[in-house]
Amino acid sequence: MLIDFFYTLRAAKLPVSVKELLALLEALQAGIVGPNSEDAWSLDDFYHLARLTLVKDEKHFDKFDRAFAAYFKGVELLADFSQAIPADWLRKVLERELTPEQKAAIAKMDWDELMETLKKRLEEQKERHEGGSKWIGTGGTSPFGHGGTNPQGIRIGGAGKNKSAVKVWEQRAYRDYDDTQELGTRNIKVALRRLRKFARQGHELELDLPDTIRSTAANAGYLDIKMIPERHNNVKVLLLMDVGGTMDEHVQRVEELFSAVKTEFKHLEFYYFHNCVYDFVWKNNRRRFAEKFPTWDIIRKYNKDYKLIFVGDATMSPYEILQAGGSVEYTNEEPGAEWLQRLTHAFPHFAWINPEPQGVWQYRQSIAIIQQLMSNRMYPLSLQGLEQAIRLLSK
C-alpha cells in the first residue's frame, strides 16, 4: 500500500531502498504504530516511524518532510523539491475587509488551473506583493498566500482565516538540515561527529557489562563487577580563525561553528589571526599585541596528530599573502604564504573552511591563491562543505 509513497520519496531525491521500505512494512505489521482511541490511525505516529526507518541521515529530513507532506497532506509537487518562498513575501501588514458583493465577484479556478497557475507564479514572481489578486502574497484576493480572502486558494504561510483553503503549503520543521543550507549550531555538531575517534581514558567509571558477566560466571555465580574508563573523543583539533575586517559579516556563523567545535572535541586548541597567518597569532582579540603567541611555537608545541582547520574568508589584497611587509597591520618580515606552507607541512591533516559564498570565490584573486596554497582543500561553510572537509580530515 506504500508503493506510491516510496516512489514519492525517490522523486524527492531521497536515497531510500526497497530494504528500508520492507522494514517500514514489518514495523507496521508488528503494530509499532496503530489506531488511536478513536479507532483511527495517527498520521503523526506514522510520520515518526517512517522517518526513523527510511531516513538514515539528518541532512535529508527536509526532503522527507516535503515528500511526506506531498503524499499525505495534500501539498502538490509543483515544480521541484528545492522551491523556497522568501519569508518577506508572506509578511502580513494590512488587513482588508471585503463586502459580500466583492467576495462573490472573486473568480474561482478549477483544480488543474489552480495548481498550474501556482507553478507559473513560482517561476515568474521576483518580489513581495500585498493586497493584490494575482501574486503570492498577503491581505488580498489572490488564491496564493495568506491573510486575505479567496473562496478556494492555496494557503502559504500564516494561520488560516476563512478556512477555505483547498491546499496548505506545509511549514517544515527541519529545513535547515538540507545539505545546501548554511549551518546552525545543531547541524554543525551533526557534521563534526563524523570526525570522532574514541579511546578509553581516565578513571574506571563505567560498568563493563560483558566482562562482568564472564567474570561472574567463572566465579561460580558470585558477582564480580568489572569497571572500565569512560570513552572520550580522542581527536585533536588545532583551530585557526580569521577575525576582524571582512570577517565581521560572518561573525554569527563562525561563532556557531566555534561553539560546536568546543562542544564536540575535548582536545581543542584555538588561535586567531587577521586575513593571513604571519609570525604570531593570539588568543584574545582585545590583547592581541600584548599577549601574542609566536607561530613557530605553535608548530613546535603541537604534534602532527592534530587536525589543522583554518576558518576565514581568504579575502584580502594578494600582497598580504605573497609579499614581505604586506600585512595591513604591521611590517611582517616573511610573506604569509611562507607561514601557511610551514603550517600545512607541520600538520598534514588540514583544511580551510570559507564562510564566503562559493559563487564569489572565482572573483577573488586572494581566494584563488589561498586555495592553491591549501592544495585545493578549501570548503564552504555549509553542511555539505563541512562534511567534505571532515571526510578529508578523517583519512
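No hydrogens, no waters, no symmetry mates; every other heavy atom, side chains included, goes into these values. Note that the numbering runs from 1 along the sequence shown for the chain.
Residue Leu239 holds its CG atom at 6.0 Å from CG of Leu268, rounded to the nearest 0.5 Å. Atom CG in Leu383 sits 10.0 Å away from atom CD in Gln388 (nearest 0.5 Å). The CD atom of Gln29 sits 10.0 Å away from atom CG of Leu24, with the distance rounded to the nearest 0.5 Å. Separation of atoms CE (Met316) and CD1 (Ile369) is listed at 8.5 Å; rounding is to 0.5 Å. A distance of 14.5 Å separates CZ in Phe350 from NZ in Lys304, rounded to the nearest 0.5 Å. Here CG of Leu25 is found 12.5 Å from CD of Glu20. Values are rounded to the nearest 0.5 Å.
Val251 and Leu381 end up in different hydrophobic clusters when Ile, Leu, Val, Met, Phe, Trp and Tyr side chains are linked at under 4.5 Å. Put simply, Ile321 and Tyr319 are part of two different groups of oily side chains (I, L, V, M, F, W, Y) that touch within less than 4.5 Å, one to the next. Clustering ILVMFWY residues whenever any of their side-chain heavy atoms sit less than 4.5 angstrom apart, transitively, puts Leu22 in the very cluster that holds Tyr7. Placement of Val261 and Val243 within a single hydrophobic cluster is found when ILVMFWY residues are connected by side-chain heavy-atom separations under 4.5 Å, directly or transitively. When hydrophobic clusters are built by joining Ile, Leu, Val, Met, Phe, Trp and Tyr residues whose side-chain heavy atoms come closer than 4.5 Å, directly or via intermediates, Val328 is not grouped with Tyr272.
Smallest separation of non-hydrogen atoms from Ile353 and Ala389: CD1-CB, 3.6 Å. The two atoms that bring Phe310 and Leu340 nearest to each other are CE2-CD2, 3.8 Å, heavy atoms only. Nearest heavy atoms, Gly312 versus Asp242: CA-CB, 3.7 Å. Considering all non-hydrogen atoms of both residues, Ala346 and Ile299 come closest at CB-CG2, 3.7 Å. Of all heavy-atom pairs between Thr212 and Asp224, the closest is CG2-O, 3.5 Å. Leu393 approaches Ala351 most closely through the heavy-atom pair CD2-N, 4.1 Å.
Applying the ring-ring contact (aromatic ring centres under 6.0 Å, His included) test to Phe280 and every residue at least two apart in sequence or in another chain returns Tyr330. Residues satisfying the side chain to side chain donor-acceptor pair (under 3.5 Å) test with Ser317, not counting sequence neighbours, are none. Every residue two or more places apart in sequence or in another chain that forms a side chain to side chain contact (heavy atoms under 4.5 Å, CB included) with Val254 is listed here: Met241, Met247, His250, Val311.
Within a 6.0 Å radius of NZ in Lys283, other residues, nucleotides and ligands contribute more than 12 heavy atoms. The neighbour count for Glu334 CD, taken as heavy atoms of other residues, nucleotides or ligands under 6.0 Å away, is above 12. Environment of NZ in Lys56: crowded, with over 12 heavy atoms of neighbouring residues, nucleotides or ligands closer than 6.0 Å. In the displayed structure, Gln341 atom CD is contacted under 6.0 Å by more than 12 heavy atoms of other residues, nucleotides or ligands. By the 6.0 Å contact criterion, OH on Tyr302 is enclosed, its count of non-hydrogen atoms from other residues, nucleotides or ligands being greater than 12.
Listed by first then second residue, pairs satisfying ring-ring contact (aromatic ring centres under 6.0 Å, His included) with a partner in residues 354-395 number zero, not counting sequence neighbours. Residue pairs satisfying the salt bridge (charged side-chain N to carboxylate O under 4.0 Å, His left out) criterion with at least one member in residues 322-331, sequence neighbours excluded, are listed as follows: Arg288-Glu329. Listed by first then second residue, pairs satisfying salt bridge (charged side-chain N to carboxylate O under 4.0 Å, His left out) with a partner in residues 346-375 read Glu356-Arg364, not counting sequence neighbours.
A distance-only check finds no donor-acceptor pair linking the side chain of Glu338 to the backbone of Pro335 [under 3.5 Å]. No donor-acceptor distance shorter than 3.5 angstrom exists from the side chain of Thr216 to the backbone of Leu223, with no hydrogens or angles considered. Between the Asn332 side chain and the Ala324 main chain, no donor and acceptor come within less than 3.5 Å of each other. In this structure, the side chain of Arg377 does not engage the main chain of Trp352 through any donor-acceptor pair within 3.5 Å. Not a single donor-acceptor pair under 3.5 Å links the side chain of Thr331 to the backbone N or O of Gly325.
The shortest side-chain heavy-atom distance between Ile367 and Met378 falls under the 4.5 Å cut-off. Between Val16 and Arg10 there is a side-chain heavy-atom pair separated by less than 4.5 Å. No side-chain heavy atom of Pro294 sits under 4.5 Å from any side-chain heavy atom of Asp279. Looking at Leu52 and His48, their side chains never come closer than 4.5 Å, going by heavy atoms from C-beta outward. Contact of the Thr344 side chain with the Met374 side chain is registered, since non-hydrogen atoms from C-beta on lie closer than 4.5 Å. The closest side-chain heavy-atom distance from Leu14 to Leu54 is not below 4.5 Å. Proximity of Glu320 to Ser327: side-chain heavy atoms (C-beta onward) are nowhere separated by under 4.5 Å. In this structure, Phe270 and Phe258 have side chains that are in contact, with non-hydrogen atoms separated by less than 4.5 Å.
Using bins of under 30°, 30° to 60° and over 60° for the plane-to-plane angle, the ring pair Phe5/Phe64 lands in the perpendicular bin.
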Problem - side chain to side chain contact (heavy atoms under 4.5 Å, CB included) evaluation trace for Lys307 with Leu238 - result: CA-CA 6 Å; Lys307 314 289 187 180; Leu238 177 59; over 6 Å; no
Practice task
For the pair Leu21 and Thr53, evaluate side chain to side chain contact (heavy atoms under 4.5 Å, CB included) and give the outcome as yes or no after the intermediate values.
Solution key: CA-CA 8 Å; Leu21 175 63; Thr53 54; over 6 Å; no
Problem - Derivation of the side chain to side chain contact (heavy atoms under 4.5 Å, CB included) call for Phe46 and Leu28 - result: CA-CA 9 Å; Phe46 176 75; Leu28 290 173; 3.9 Å; yes
Exercise for the section: Tell me, with the steps shown, if His267 and Val235 meet side chain to side chain contact (heavy atoms under 4.5 Å, CB included). Expected result: CA-CA 7 Å; His267 302 287; Val235 169; over 6 Å; no
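With hydrogens and angles left out, the side-chain atoms of Thr246 and Asp313 include a donor and acceptor closer than 3.5 Å. In this structure, a donor-acceptor pair under 3.5 Å is present between the side chains of Tyr47 and Asp65. Side-chain atoms of Asn376 and Gln371 include no donor-acceptor pair closer than 3.5 Å.
Between Tyr278 and Phe273, the distance separating the two ring centers is not shorter than 6.0 angstrom.
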